[in-house]
Amino acid sequence: MRRLGIHSFVWTGGQTQEGLEMALEKSAEHGYRMIEFAYLQPEKFDLNRLSKKAKDLDIEIVVTMGLPAGADVSSEDKSSVAKGKALLSDAVKAVRDIGGIRLGGILYSMHGKYDRMPTEKGWLNSAEAIAETADVAKECGVQIVLEVVNRFESNLLNTTAQGLKFLKDTGRDDVYLHLDSFHMNIEEADPAGAIRLAGDKIAYYHIGENYRGYLGTGTVDFDQVFSALADIDYDRDIVFESFSSAIVDEGLSLACGIWRDTWTDNDSLAAHAKTFIELKWDEARRRHSTNAHP
Ligand code: MN
């Protein structure tokens with residue numbers, strides 16, 4: 001693993017400058033070296049100040065988002081696709097302006113429950129939009145990663161295999177997958193096998209429990225997840241993602257269906273997650289090297 005990060009929603013709904021600055025400080029205090037901001041609204045914040053603060057704290061910034069219904073690049077409607085492309089391009093520039101390194105999430109479709117099947121034309125529209133976004137991102141020095149999510153949050157990329165096919169269809173070699181143990185636990189027949197299948201196409205990994213609460217208290221088989229990451233010599237970033245109605249945001253919390261408290265004390269949650277992930281990662285690497293060099 002390169003850097004261990006934490007989602008800003010452990011600290012704040014992200015509505016104010018003070019909230020985001022506090023989130024940076026809290027993350028650093030707990031020893032995390034990456035933070036994820038969701039649905040960053042650049043017009044609301046002093047991006048320079050956030051960028052400088054993050055650098056001073058040696059924290060890297062990643063931004064994630066999903067598209068709204070009227071700007072769905074996987075639509076067959078030309079104006080929706082055009083709006084989505086413009087939104088993605090603006091988002092990439094905001095990531096650059098906040099000194100961020102990566103834009104991830106559901107960049108390829110609406111974030112939400114669809115009431116229809118995806119279409120072939122919509123898939124191709126989306127792949128083309130992501131290819132164009134990757135061009136802008138390259139100029140801005142920002143990496144694009146696509147989060148494969150469960151069926152209730154998109155209808156396009158629900159499995160790693162679909163994600164890999166989609167990457168091919170973008171025709172780009174600089175767009176990667178963003179996988180997540182929470183979503184994989186719902187959709188993959190074999191989450192560990194999916195990680196091994198994706199290999200070096202994974203550039204960002206979300207660690208989340210099946211109900212998005214305390215790691216190790218639910219049904220995700222983290223020994224399997226970390227073993228698979230060790231087997232592919234995963235040397236990129238891992239970010240802890242957990243949501244509770246203790247921290248509410250109008251956009252993401254609603255889209256993700258966060259209707260209850262899965263925790264109330266974010267300090268103990270963050271401390272526990274860091275210890276848990278580092279321990280599981282260390283154990284998996286030891287298993288891997290024992291198996292590789294008997
Ligand atoms: Mn995620």
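Here the structure is a predicted model, which is why all the values come from computation and not from measurement. Counting convention: from 1, in listed order, for ligands and their atoms alike. Just so it is clear, the values below take in all heavy atoms, side chains as well, and ignore hydrogens, waters and symmetry mates. Positions are given from 1, in the same order as the sequence printed here.
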- Is a side-chain donor or acceptor of Arg116 paired with a backbone partner of Asn155 at a separation under 3.5 angstrom? no
- Query: Is any N, O or S atom of His178 under 2.8 Å away from the Mn ion (ligand 1)?
  - Reply: no
- Quick one: angle Glu241 OE1 - the Mn ion (ligand 1) - His206 ND1, to the nearest 10°? 90°
- Taking Glu209 for its side chain and Gly216 for its backbone only, find out whether a donor-acceptor pair lies under 3.5 Å. yes
- Task: Rounded to the nearest 10 degrees, what's the angle OD2 of Asp180 makes with OE2 of Glu147 at the Mn ion (ligand 1)? Could you check?
- Result: 90°
- Message: Donor-acceptor check, side chain of Thr170 to backbone of Ala131, threshold 3.5 angstrom: yes or no?
- Response: no
- With hydrophobic residues grouped by side-chain heavy-atom distances under 4.5 Å, do Val225 and Ile202 end up in a single group? yes
